[in-house]
Visitor: 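Quick one: the structure is below, questions incoming.
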Amino acid sequence: MAKRIRAAERPIILAGLEAARSNAGEALQHLAETIGAPVITTYKAKGLLSEDHPMSLGGAGLSPLADKVMLTLVNKSDLVLMIGYDPIEMRLGWLDFVEDRSNLVDIGKTTPDHAMHHAGTRVTGDPKAIVQALNGSVIEKQTWINAEPRVAKDELGQIFATRTAWGPHAIVDRLNDTAGTDGLVTADSGAHRILLSQKWVATKPFSLLQSAGFCTMNAALPLAIGAKVADPSRRVFAVMGDGGLEMGIGELATLRDLNLSVTIVLFQDRSLALIALKQASAGLAPAGVTLGETDFAAVARGFGGYGVNVENSDEFSRELEAAGKRGGFSLIACRFDASAYDGAF
């Protein structure tokens, strides 16, 4: 394998949840820097390589716009190191995603039996141990002489750049600033999750928790409760859609009864926006995707927490700061129109 890496002119690393679980981040960063390999992670492994690192292209697997950029780069690669990678985390385009399977090297603890991609080389073992061994066998080299990974990183930044002073992009920006490097964020399923997974800058693994292949609605709230119970000193944010929260709103009572200081950031667009977008892409008229305007701030107060509705970035930033100083849970309902997602991912 080291011989193949030394011969590669356009190597790339695709890392997944198993690599994060094996704590392979430091070894993976050293390998990426040594051989000049850009790093793509699955959305469950975001932060395995800090996403402010120049070699990081961020998470993949949810956004068609991101996939178009990243898969183009992967198809130009002459060696794809899949480290702890599980295709269940990815969209359909990432299953059998290269024409020449000899370019794929699959490194993981167990032999894959999914037949969702066909790697030419499979190495069974602990991802961290294997990457550490490789680091002792490879030499520093220049690759990607046309700087395609840097171009791809810039293009991704432009695609997910904040468009307006208020809306889902601005909400992610302000939340990212507040959470910093130590906060933990959980994400519900829906349109907001796709944007968050692409736009969020994760600097540590497991700082963004979300459902895997089941795409579970309302997952963010129980995930946040568990995370806060496990580490009461860490600030925890649950990012949810209004449809998701309405499916499991009784969990607010659990927050109250455990007296947990969790901040709920609600993307309230009065729509099942992701389903509406899928209906539109299939040429169908909207059906069953419009939600009434629940006063979630009042509901939060009824459950014994703090609740507030916000409609601009300054209000949102002030409420985020105040929630961090407050006992008990806080719910910040961020209201905007579902059309803000049009063309967003």
Side-chain angles (χ1 to χ4, degrees), residues 1-22 24-25 27-45 48-49 55-62 66-149 152 212-213:
M1 195 188 308
K3 183 178 179 180
R4 290 193 62 188
I5 292 173
R6 287 195 292 268
E9 296 179 353
R10 297 177 304 280
I12 197 166
I13 293 172
L14 177 57
L17 179 59
E18 189 179 87
R21 283 177 169 161
S22 71
L28 185 144
Q29 178 175 332
H30 181 78
L31 179 63
E33 291 173 345
T34 301
I35 67 174
V39 176
I40 298 171
T41 70
T42 65
Y43 56 87
K44 294 276 278 187
L48 180 61
L49 174 63
M55 303 301 294
S56 172
L57 295 180
L62 292 174
D67 286 355
K68 185 176 180 180
V69 175
M70 294 186 186
L71 282 169
T72 298
L73 190 67
V74 169
N75 284 318
K76 291 180 180 178
S77 174
D78 57 0
L79 182 64
V80 182
L81 299 174
M82 299 186 296
I83 303 174
Y85 167 77
D86 187 342
I88 194 61
E89 298 183 56
M90 307 296 263
R91 289 168 47 79
L92 292 177
W94 288 91
L95 303 186
D96 233 342
F97 54 90
V98 295
E99 294 181 3
D100 186 353
R101 67 180 62 178
S102 68
N103 288 344
L104 289 181
V105 176
D106 198 341
I107 299 170
K109 290 185 177 180
T110 58
T111 302
D113 60 1
H114 47 65
M116 296 168 75
H117 62 249
H118 299 82
T121 303
R122 288 176 174 168
V123 183
T124 303
D126 177 71
K128 179 180 178 180
I130 293 172
V131 174
Q132 286 176 328
L134 284 172
N135 282 333
S137 306
V138 297
I139 58 175
E140 188 170 351
K141 59 184 293 186
Q142 285 191 327
T143 54
W144 295 96
I145 59 174
N146 293 321
E148 295 96 330

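In this text the structure is predicted, and so the values were computed from the model without any measurement. Along the sequence shown, the residues carry numbers beginning at 1.
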Visitor: Compare every heavy atom of G61 with every heavy atom of R91, then report the nearest pair and how far apart it is.
Guide: CG-O, 2.8 Å

Visitor: Would you indicate whether the side-chain heavy atoms of H117 and Y85 approach each other to under 4.5 Å?
Guide: yes

Visitor: Would you indicate whether R21, at its atom CZ, is surrounded by more than 12 heavy atoms from other residues, nucleotides or ligands within a distance under 6.0 Å?
Guide: no

Visitor: Side chain to side chain contact (heavy atoms under 4.5 Å, CB included), that's the test. Do T34 and E140 meet it? Break it down for me.
Guide: CA-CA 5 Å; T34 301; E140 188 170 351; 4.2 Å; yes

Visitor: Enumerate the ring-ring contact (aromatic ring centres under 6.0 Å, His included) contacts for residues 123-148, please, sequence neighbours excluded, ordered by first and then second residue.
Guide: none

Visitor: Quick one: does D78's side chain have a donor or acceptor within less than 3.5 Å of a partner on R10's backbone?
Guide: yes

Visitor: Please round to the nearest 0.5 Å and tell me the distance separating atom NE2 of H118 and atom CG of D106.
Guide: 11.5 Å

Visitor: Can you tell me how far apart CD (E89) and CH2 (W94) are? Round to the nearest 0.5 Å.
Guide: 12.0 Å

Visitor: The test is side chain to side chain contact (heavy atoms under 4.5 Å, CB included); show your working for I5 and L134 and say whether it passes.
Guide: CA-CA 9 Å; I5 292 173; L134 284 172; 4.1 Å; yes

Visitor: Does R6 reach the main-chain N or O of S137 with its side chain, forming a donor-acceptor pair under 3.5 Å?
Guide: yes

Visitor: Of all the heavy-atom pairs spanning S22 and P127, show the shortest one and how long it is.
Guide: OG-CB, 3.7 Å

Visitor: List the atom of A15, the atom of A45, and the distance in Å for their closest heavy-atom pair.
Guide: O-CB, 4.0 Å

Visitor: Could you give the distance from CG (L31) to CD (Q132), rounded to the nearest 0.5 Å?
Guide: 11.0 Å

Visitor: From I35 CD1 over to I13 CD1, what is the distance, rounded to the nearest 0.5 angstrom?
Guide: 5.0 Å

Visitor: Output, in order, the C-alpha distance, side-chain angles, deciding distance and verdict of side chain to side chain contact (heavy atoms under 4.5 Å, CB included) for V98 and N75.
Guide: CA-CA 6 Å; V98 295; N75 284 318; 4.0 Å; yes

Visitor: Could you state the interatomic distance from OG1 (T72) to CG (D67), rounded to the nearest 0.5 Å?
Guide: 10.0 Å

Visitor: Do I40 and V74 have side-chain heavy atoms sitting under 4.5 Å apart?
Guide: yes

Visitor: Work out which heavy atom in D126 is nearest to a heavy atom in A129; give both atom names and the distance.
Guide: OD2-N, 3.0 Å

Visitor: Using a 4.5 Å cut-off on heavy atoms from C-beta on, say whether the side chain of M90 contacts that of L14.
Guide: yes

Visitor: So with a 6.0 Å cut-off around NZ of K141, is the heavy-atom count from everything else above 12?
Guide: yes

Visitor: Is there a side-chain contact between T41 and L49, using heavy atoms and a 4.5 Å cut-off?
Guide: no

Visitor: What is the distance from atom OG of S77 to atom CG of L104, rounded to the nearest 0.5 Å?
Guide: 9.0 Å

Visitor: Taking all atoms of both residues into account, what is the closest heavy-atom pair of E9 and T143, and its distance?
Guide: O-CB, 3.2 Å

Visitor: Mind listing the closest non-hydrogen atom pair of M82 and A119 along with its distance?
Guide: CE-CB, 4.0 Å

Visitor: Could you walk me through whether D86 and T42 pass side chain to side chain contact (heavy atoms under 4.5 Å, CB included), step by step?
Guide: CA-CA 8 Å; D86 187 342; T42 65; over 6 Å; no

Visitor: Pairs of donor and acceptor atoms involving the side chains of residues 109-116, under 3.5 Å and at least two apart or interchain, shall be tabulated with distances.
Guide:
residue : atom : partner : partner atom : Å
H114    : ND1  : M116    : N            : 2.9

